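Since the structure is predicted, the reported quantities are computational estimates derived from the model, not experimental observations. In the text below, chain A, chain B and the rest are named by the order of the sequence lines, each starting its count at 1.
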Amino acid sequence: MDFSTLIFKAIFLFIILLVTLVVAMYSTYAERKVAAFMQDRNGPNRAGPFGLLQPLADGLKMFMKEEIIPLTANKYLFILGPSIAMTTALLTGVVIPWGDTLTIGDHVYSLQMADLNIGILYVFAMVSIGVYGIMIGGWASNNKYALLGAIRAASQMISYELAMGMSIIALVLTTGSLSLHDIVAQQHGMHWNVFYQPLGFFIFLICAFAETNRAPFDLPECETELIGGYHTEYSSMKLGFYLFAEYVNMFISSAVIATLYFGGYNMPFIDQLGLSSNAVTFIGMAFFFIKIFAFIFLFMWIRWTLPRFRYDQLMNLGWKGLLPLAIFNILATGTYYFFTSLK
Amino acid sequence: MEKLTNRSVVASDKKMTFMERIYVPAILKGMSITITHFFKKKATINYPEEKREFSKVYRGQHVLKRDDEGRERCTACGLCAVACPAEAITMVAAERKPGEENLYREEKYAAVYEINMLRCIYCGDCEDACPKEAIFLTDRIVASQYERMPFVYGKDILVEPTDLRVDISARQTSAVHDFKKNKAFAHNR
């Protein structure tokens with residue numbers, strides 16, 4: 001790796017980090033607006049034009065709040081919890097191909113931080129470590145509600161990660177690669193994986209909701225039963241990190257869904273326009289972000305439509321519904337490819 | 001028994017059909033409902049900028065009217081205090097002295113006239129009882145306070161300023177006049 005690539009990667013990393021944070025920040029705003037609109041209300045509209053400064057005001061409020069660490073809490077783990085949640089949420093963005101290649105001078109740069117050949121597994125690893133943020137935080141709080149929330153989070157994640165992994169196996173059968181870069185490149189034009197793996201996409205989407213702890217799967221923090229679940233004892237910016245990590249996770253999982261099933265930065269009929277390669281890259285990136293925002297909207301839409309699952313319903317759906325369905329999907333995909341390869 | 005509305009649904013614990021058990025049709029139906037609400041007109045009234053229109057006969061803060069020449073109409077007869085179901089009105093009568101003809105319309109006037117706004121139930125009975133068309137309820141809202149005592153409004157707040165007349169034409173209609181003058185009613189005999 002030569003020096004210019006290094007500089008480019010550093011700048012690119014900074015931009016991606018910034019974009020992730022800003023998108024997550026304005027997701028909180030969008031969430032409140034979407035919620036309000038669906039309930040025939042206006043939502044935040046006092047801070048700045050259309051309430052656009054509301055996220056800044058919220059952030060400032062979080063910083064200004066008194067920092068409380070309960071006496072009986074395990075201090076180190078108590079601080080470690082939100083740190084892990086936030087770090088892992090941000091780390092996942094590294095393997096996502098945000099765009100095709102960018103040509104500056106005679107250098108060609110890839111708009112992907114790291115093209116790991118096991119990109120999907122890396123995403124899974126990071127999401128799985130993210131559970132530790134919730135578990136450690138909930139356990140270290142030394143509070144029954146927090147602990148219950150943490151236990152729920154852990155069991156929910158394990159149950160839904162299985163079905164998620166199974167749906168990905170079927171996807172890998174069709175793509176033949178674990179690298180996210182290759183998977184996106186294969187979906188050029190309109191060959192989006194969602195058309196080849198509709199059932200897999202459906203399962204993956206539901207599991208993504210469960211993995212990000214979003215309604216209707218927000219049992220770990222369910223306000224009505226657990227007061228706030230794993231973050232009951234948290235205050236100030238540590239609470240802010242937990243809440244913020246949820247939105248970062250939402251952004252990243254939207255990006256992963258768009259990458260895996262909706263062609264990532266591929267836009268249909270872009271080749272016919274006869275644009276330069278850099279223009280194509282930028283339009284592709286914009287299109288990728290439109291896809292991401294569409295999924296973020298879907299996340300919110302679902303949240304403000306459905307009530308929360310009961311715990312046994314959640315487990316039933318995960319183990320008796322999605323897991324067999326995912327295994328069936330693998331079998332069907334495998335059988336199809338076995339017989340087509342015979343010819 | 002006869003039903004009051006046609007909205008009641010018979011509850012049952014029958015087994016769910018397959019379509020009901022996979023949730024998806026119900027979820028899509030719910031999502032279609034929320035998305036229609038997304039584009040509907042908002043019910044919110046942005047309060048300080050927009051205000052909800054008051055009813056024409058809204059009963060808010062009282063006013064003690066002056067006549068066209070700026071003299072107080074109230075003669076401290078005490079009928080409003082008697083009519084008041086909340087016993088919110090108290091007054092002290094006084095006799096008009098020579099030279100005060102431009103202040104008070106008749107020989108007797110209210111030296112002190114107090115309404116306790118916390119006791120008042122804004123029923124408007126004082127207005128009905130008043131034979132001199134002196135007291136009216138208006139569409140003004142009683143301002144909030146931190147203490148209790150400021151809610152006892154004296155003449156300084158209640159009497160309308162001569163340069164800032166309060167419009168009560170919506171409440172002082174000809175029908176109201178008839179009601180007060182018609183000898184067929186017991187209260188006018």
Side-chain angles (χ1 to χ4, degrees), chain A residues 30-47 49-51 163 198-199 201-207 209-210 214-217 293-310 312-318 320-326 328, chain B residues 3-61 122 139-147 150:
Chain A
E31 171 110 272
R32 294 173 65 177
K33 274 287 187 196
V34 168
F37 279 27
M38 283 179 179
Q39 297 165 354
D40 295 344
R41 296 184 284 117
N42 276 332
N45 62 357
R46 295 285 139 171
F50 306 109
L199 187 61
F201 163 68
F202 184 66
I203 296 165
F204 190 87
L205 187 71
I206 294 173
C207 294
F209 278 94
R214 295 280 301 180
F217 302 103
F293 293 146
F295 276 108
I296 290 179
F297 179 74
L298 183 70
F299 269 86
M300 291 171 182
W301 187 4
I302 296 268
R303 169 162 181 191
W304 296 104
T305 302
L306 298 182
R308 187 180 297 125
F309 273 109
R310 214 170 52 210
D312 61 320
Q313 289 172 331
L314 177 95
M315 286 296 152
N316 260 343
L317 181 68
K320 294 187 194 163
L322 293 179
L323 189 59
L325 211 58
F328 167 76
Chain B
K3 281 178 187 168
L4 290 173
T5 65
N6 56 358
R7 285 185 302 224
S8 55
V9 179
V10 178
S12 81
D13 56 353
K14 71 170 173 62
K15 266 189 119 57
M16 287 199 286
T17 60
F18 176 73
M19 288 305 272
E20 284 170 336
R21 255 188 298 137
I22 58 170
Y23 296 125
V24 178
I27 288 173
L28 291 179
K29 197 178 155 199
M31 285 170 77
S32 70
I33 290 172
T34 42
I35 202 70
T36 54
H37 276 269
F38 192 86
F39 298 108
K40 266 191 189 160
K41 197 180 169 296
K42 310 296 169 233
T44 312
I45 295 171
N46 289 306
Y47 171 61
E49 294 97 50
E50 287 169 47
K51 280 174 184 157
R52 190 190 290 269
E53 203 182 325
F54 277 23
S55 157
K56 267 201 239 167
V57 288
Y58 182 86
R59 300 194 297 259
Q61 187 187 323
Y122 304 95
D139 59 357
R140 296 174 298 174
I141 292 173
V142 175
S144 43
Q145 308 276 355
Y146 287 109
E147 315 271 318

Chain A contacts: which residues in residues 48-55 of chain B have a non-hydrogen atom closer than 4.5 Å to it?
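Within residues 48-55 of chain B, the residues that come under 4.5 Å of chain A (heavy atoms only) are B:Pro48, B:Glu49.
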Heavy-atom distance under 4.5 Å between the side chains of B:Asn46 and A:Arg46, does that happen here?
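Yes, their side chains come closer than 4.5 Å.
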Determine whether A:Leu306 and B:Tyr23 make a side-chain contact, defined as any pair of heavy atoms from C-beta on separated by less than 4.5 Å.
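Side chain of A:Leu306 against side chain of B:Tyr23, heavy atoms only: no contact under 4.5 Å found.
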With a 4.5 angstrom heavy-atom cut-off, which part of A:Leu298 approaches chain B: side chain, backbone, both or neither?
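The answer is the side chain of A:Leu298.
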Which distance, rounded to the nearest 0.5 Å, do you find between the CE of A:Met38 and the CZ of B:Phe39?
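Answer for the CE-CZ pair, A:Met38 versus B:Phe39, is 8.5 Å.
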Once you round to the nearest 0.5 Å, how far does CD1 of A:Ile206 lie from CD1 of B:Ile27?
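It comes to 7.0 Å.
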Not counting sequence neighbours, which residues clear salt bridge (charged side-chain N to carboxylate O under 4.0 Å, His left out) with [X]? List them please.
| X | result |
| --- | --- |
| A:Arg214 | A:Glu31, A:Glu246 |
| A:Asp312 | A:Arg310 |
| B:Lys14 | B:Glu20 |

Passes side-chain hydrogen bond (donor to acceptor under 3.5 Å, both in side chains), A:Trp301 versus B:Thr34? Steps please.
CA-CA 8 Å; A:Trp301 187 4; B:Thr34 42; 3.1 Å; yes
Select one option (side chain, backbone, both, neither) describing which atoms of B:Ile35 are under 4.5 Å from chain A's heavy atoms.
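For B:Ile35, backbone and side chain are both near chain A.
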Which one of B:His37, B:Lys42, B:Lys41 has the most heavy-atom pairs closer than 4.5 Å to chain A?
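Of the options given, most contacts go to B:Lys42.
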